[in-house]
Amino acid sequence: MREIITLKWEKGNLLLLDQTLLPNTVTYATCKTLEDVYQAIQTMIVRGAPAIGVSAGYGMVLAANAFDGTDTAAFMDFYREQGEYLKSSRPTAVNLMWAVDRMVERAEALTGEGQPLEAVRKGLEAEAVAIHEEDKQTNRNIGTNLLSLLKDGDTVLTHCNAGSLATSEYGTALSVFYMAQEKGMNIKAFADETRPRLQGANLTAFELVEHGVDVTLICDNMAAVVLSQGKINALIVGCDRVAANGDTANKIGTFSVSVLANQFHVPVYIAAPTTTIDMECPTGNEIPIEERSREEVLRINGEYIAPKEVKTYNLAFDVTPAEYITAIVTEKGIVYPPFRDNLEILMKK
Ligand code: MRU
């Protein structure tokens, strides 16, 4: 079994497994500057909300290292500006904003204590490593909580990729398969291919096969049939931002498959690290949804599959209204409706 390591911090550089080349080529891109990290997030060399957040933490270390000077007030101006720039690389996954804010707050605390810049830089590196390590434990706790909702032999449908490739270790939605393996249980997967960028096919199928999980790949338009045939015990997906009322943004197509799961009385579980819950965002209507290039719709593997002049509409995410969600499964526990009250209680834990 090949170990999948999505991101590595090595000798002051961030190494990112280039997810635009999977499953055929396994190679790492090296980020030496904040600009490199910005480009890697925007072009989706790294993707998936938690992995974007962890990368942003290291990106902010690279920014701190690039500052030329000794004046801490000037450093903080530069640092905040760099953070705002990095946040603009992709709009939907709130982990990006969360990680940048955490790094800026740490820098404020360290400079506020009167630390020299060399000590501030060391402290910021330790903070980014802490974000990375915390994410690993979060993955495991979410997997354990998800597993408590299933029984041995169950089959789970998933959409997009919320696995090792989207996080620091086991993933969120996919951690259920890896925790099951650790506990000697057998949980099988069905993976939607997830057009337009095919994260289900290129990434989820890749990592589950690598880990020896029993996985069946289906085209997106097969979901209704497999649900109606009783093949699926639960739909488990990740998320990019959960609003305070439980409305959840995730990869485009999550809404459709959640409605279908409701139609066939299959529970819908959102695997959500608390870093993806945005209590400042009252409902799904306020979640910024990224619109990506029309080329993603027009082409598959570089080849045009439609007339170049046809109109397209390419939202990268949709919002599943809370009413279609059975439970939000976090590292701190499982949250059931009413989500507004229960998320508030959870976030205070
Ligand atoms: O556009 P992507 O590939 O970054 O979208 C990823 C998803 O929608 C994931 O489901 C989400 O980020 C959760 S990853 C644990």
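For the numbers below, each heavy atom of this structure counts, side chains included, while hydrogens, waters and symmetry mates do not. Every number for a ligand or one of its atoms is a count from 1 in the order of the listing.
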- Query: In chain order, what residues pass the ring-ring contact (aromatic ring centres under 6.0 Å, His included) check against Tyr38, with sequence neighbours excluded?
  - Reply: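 If we apply the ring-ring contact (aromatic ring centres under 6.0 Å, His included) test to Tyr38, skipping adjacent residues, the hits are Tyr85.
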- Would you please say whether a donor-acceptor pair under 3.5 Å links the side chains of Asn202 and Arg197?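 Note: Asn202 and Arg197 side chains miss the donor-acceptor criterion.
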- If we ignore angles and hydrogens, is there a donor and acceptor under 3.5 Å between the side chains of Asp192 and Thr194?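 Short answer, no.
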- Task: Decide whether the shortest distance between a heavy atom of Asn161 and an atom of ligand 1 is less than 4.0 Å.
- Result: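 Per 4.0 Å heavy-atom rule, Asn161 contacts ligand 1.
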- Message: Looking at ligand 1, would Gly171 count as a contact under a 4.0 Å heavy-atom criterion?
- Response: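 No, that is not the case, since the closest heavy atom of the residue is not under 4.0 Å from the ligand.
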Should [X] be counted as touching ligand 1, given the test is an N or O pair under 3.5 Å?
X	value
His159	no
Met44	no
Ala162	no

Quick check on contacts: which atoms of ligand 1 are under 4.0 angstrom from a heavy atom of [X]?
X	value
Asn250	7 (C), 8 (O), 9 (C), 10 (O), 11 (C)
Asp240	7 (C), 8 (O), 9 (C), 11 (C), 12 (O)
Arg90	1 (O), 2 (P), 4 (O)
Gln199	1 (O), 2 (P), 3 (O)
Ala166	14 (S), 15 (C)
Cys239	11 (C), 12 (O), 13 (C)
Ala49	12 (O), 14 (S)
Pro50	14 (S), 15 (C)

Tell me which protein heavy atom sits closest to [atom], plus the residue, atom name and distance to 0.1 Å.
atom	result
atom 6 (C) of ligand 1	Arg47 NH2, 3.5 Å
atom 15 (C) of ligand 1	Thr172 OG1, 3.2 Å
atom 5 (O) of ligand 1	Lys251 CE, 3.3 Å

- Query: Does Lys8 NZ have over 12 foreign heavy atoms under 6.0 Å away?
  - Reply: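 Yes, NZ of Lys8 has more than 12 neighbouring heavy atoms, counting only those of other groups under 6.0 Å.
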- Item | Neighbour count above 12 (heavy atom, 6.0 Å) for Lys231 NZ |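 No.
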- Message: Assess the residue pair Glu118 and Lys122 against the criterion (salt bridge (Lys or Arg N to Asp or Glu O under 4.0 Å)); give the C-alpha distance rounded to whole Å, side-chain angles, the decisive distance to 0.1 Å, and a yes or no.
- Response: CA-CA 6 Å; Glu118 263 333 289; Lys122 281 209 171 69; 5.1 Å; no
Please determine if [X] and [Y] form a salt bridge, counting it only when a charged side-chain N lies under 4.0 Å from a carboxylate O.
X	Y	value
Asp278	Arg241	yes
Arg102	Glu105	no
Glu125	Arg121	no

- Message: Once you measure the plane-to-plane angle for Phe78 and Phe75, does it fall in the parallel (<30°), tilted (30-60°) or perpendicular (>60°) bin?
- Response: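 Aromatic pair Phe78/Phe75 classed tilted.
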